[in-house]
2 protein chains.
Amino acid sequence: MQLPPLVQTFVLHFGEMGSRWGINRTVGQIYAVLFVAERPLNADEIVERLGVSRSNVSMGLKELQAWNLVRLQHVPGDRRDYFATPEDIWQIVRTLVEERKKREIDPTLTLLRELLMQEAATEAEQHAQVRLGEMHDLFELFAGWYADVRRLDTDRLVQLLTLGSKVQKVLDMKDRLTSLPGRLGGRTAKRG
Amino acid sequence: MQLPPLVQTFVLHFGEMGSRWGINRTVGQIYAVLFVAERPLNADEIVERLGVSRSNVSMGLKELQAWNLVRLQHVPGDRRDYFATPEDIWQIVRTLVEERKKREIDPTLTLLRELLMQEAATEAEQHAQVRLGEMHDLFELFAGWYADVRRLDTDRLVQLLTLGSKVQKVLDMKDRLTSLPGRLGGRTAKRG
DNA sequence: TAGCAATTTCAGAAATTTCTGAAAAGTCGA
DNA sequence: TCGACTTTTCAGAAATTTCTGAAATTGCTA
């Protein structure tokens, strides 16, 4: 691995974290290298810096592009593909929110819907369906939340996160000023 | 695997999703079985339903307890340990928020702090530090957000998620009624 | 302390994921 | 169309993670 110490530490850490974020080590490292790079890099430059195989970098870049976490660019007079992370760090947040929804929420929501349509034969299944109903409502709430957050522009996103401990106060305020639709406590919001 | 079809489908799916959520298949399946169960189950009952080894269930339960996702109970006159998922599904949300922070945010935040303390020798390292500074601020914002959300009671949590497409409106409202601390756009909020 | 029931530990087996090298496919200018 | 350069694919190797069975440990009762 051919990197200044400070950068190397960051890249290695990001590689390890990758596995906790659903991407593999090399993909995490590639992202990290591109994130701190002063200019777009081509695949061979990444190979050089990380000391992994060319094919591994190729696959990693493909995955990062699928996640919309890196952008393909071209340098005039150079046929090779160059890659960079989007300049706006907030774009990353929006991307991650979107991908998480797609990978972690939506598939389960689809399955839960199907299971709730089925006829429960036994008593055990009936009880299970009640529980699955609760989970369905929870996931649906999350799906909506993620979808909404994704649509926020950067300023609003920053605001939302900066609210911090004031979330409580703002919710109180909202409470006073608007009427809430439907029932909320206990069983989560009722479907259909 | 000894389960009614509907439950089996759910359990298998949850096992697969587990890997996307940073837990392994069996751990996901154990959680799923407990979630739909009508009463607390002991380890052997879980072994029976899932068809995995006793030791695997033991380790899985240990991990779920570490995550605070299952609770150990005792049945009078029975020496065995019984396990159940907390009755309040919103407790799960709070738990997951907390664990995500602990596993995904905090370690990176710590590292970034350290790297920002270091003296940058080269120009490349100086540029890297600027980028790491941006990432640090982002992670700090997230850490604060997670910490705040974790503290919300169930009603507020439901409210927050139910806001849905009204997030934008509420932020506008907040904008008008309160003064915002510090700078927000462009470079994320400045440190110390 | 012995004897039994339950749980935990852990080394190695099995399964899965990641990575590589070699070959194939794509792209461009002449 | 050829040839040089670049990227992609993919079968098998390597690494990692998960799972198991056997043994050790814990805890209880007598």
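All chains are named by letter (A, B, ...) in the order of the sequence lines, taking the proteins before the strands, and each is independently numbered beginning at 1.
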- Note on the structure: Note: for A:Ser55 and B:Met59 on DNA chain C, the residue whose nearest nucleotide lies more 5' is B:Met59

- Message: Contact between B:Leu6 and A:Leu132 at the side-chain level, heavy atoms closer than 4.5 Å - yes or no?
- Response: yes

- Message: If the cut-off is 4.0 Å, is B:Arg54 near the phosphate of D:dA22, judged by side-chain N/O to OP1 or OP2?
- Response: no

- Message: For a quick test of reading the model: is some side-chain N or O of A:Lys62 closer than 4.0 Å to OP1 or OP2 of D:dT9?
- Response: yes

- Aromatic ring proximity B:Trp21/B:Phe14, centre distance under 6.0 Å: yes

- Rounded interatomic separation in angstrom, taking OH from A:Tyr82 and P from D:dT7: 9 Å

- Task: Just compare D:dT20, C:dG21, C:dC28 and give me whichever is closest to any side-chain atom of A:Arg79.
- Result: C:dC28

- Query: Tell me: CG of B:Asn56 to C1' of C:dA15, nearest whole Å?
  - Reply: 12 Å

- Task: Answer yes or no: does a side-chain N or O of A:Thr26 lie under 4.0 Å from OP1 or OP2 of C:dC19?
- Result: yes

- A:Asp78 atom CG is separated from D:dT7 atom P, nearest whole Å, by 9 Å

- Nucleotide C:dA6, atom P - distance to CD of B:Glu45 in whole Å: 12 Å

- Message: Quick check on C:dA6: is either OP1 or OP2 less than 4.0 Å from any side-chain nitrogen or oxygen of B:Arg80?
- Response: yes

- Item | Nearest-angstrom distance from the residue atom CD of A:Glu16 to C1' of D:dA15 | 13 Å

- Task: Would you indicate, yes or no, if C:dT17 has its OP1 or OP2 atom less than 4.0 angstrom from a side-chain nitrogen or oxygen of A:Arg25?
- Result: no

- Query: So what does A:Asp81 hit on the nucleic acid, given a heavy-atom distance under 4.0 Å: a base, only sugar-phosphate, or nothing?
  - Reply: sugar-phosphate

- Note on the structure: Value for NZ (B:Lys62) from CD (B:Gln65), rounded to nearest 0.5 Å, stands at 9.5 Å

- Task: Classify the angle between the aromatic ring planes of B:Phe142 and B:Tyr146 as parallel (below 30°), tilted (30 to 60°) or perpendicular (above 60°).
- Result: perpendicular

- Taking only side-chain nitrogens and oxygens of B:Asn24, does any of them come within less than 4.0 Å of OP1 or OP2 of D:dC19? yes

- Query: Does a distance-only test, which skips hydrogens and angles, find a donor-acceptor pair under 3.5 Å between the side chain of A:Ser53 and the base of C:dG21?
  - Reply: no

- Query: Does B:Ser58 place a side-chain N or O at less than 4.0 Å from the phosphate oxygens OP1/OP2 of C:dT8?
  - Reply: yes

- Separation of D:dT7 atom C1' from A:Ile30 atom CD1, nearest Å, is 14 Å

- Query: If you measure from OG1 on B:Thr108 to CG on B:Leu138, what distance do you get to the nearest 0.5 Å?
  - Reply: 11.0 Å

- Task: Using atom CG of A:Leu61 as one end and atom P of C:dC19 as the other, report the distance to the nearest whole Å.
- Result: 13 Å

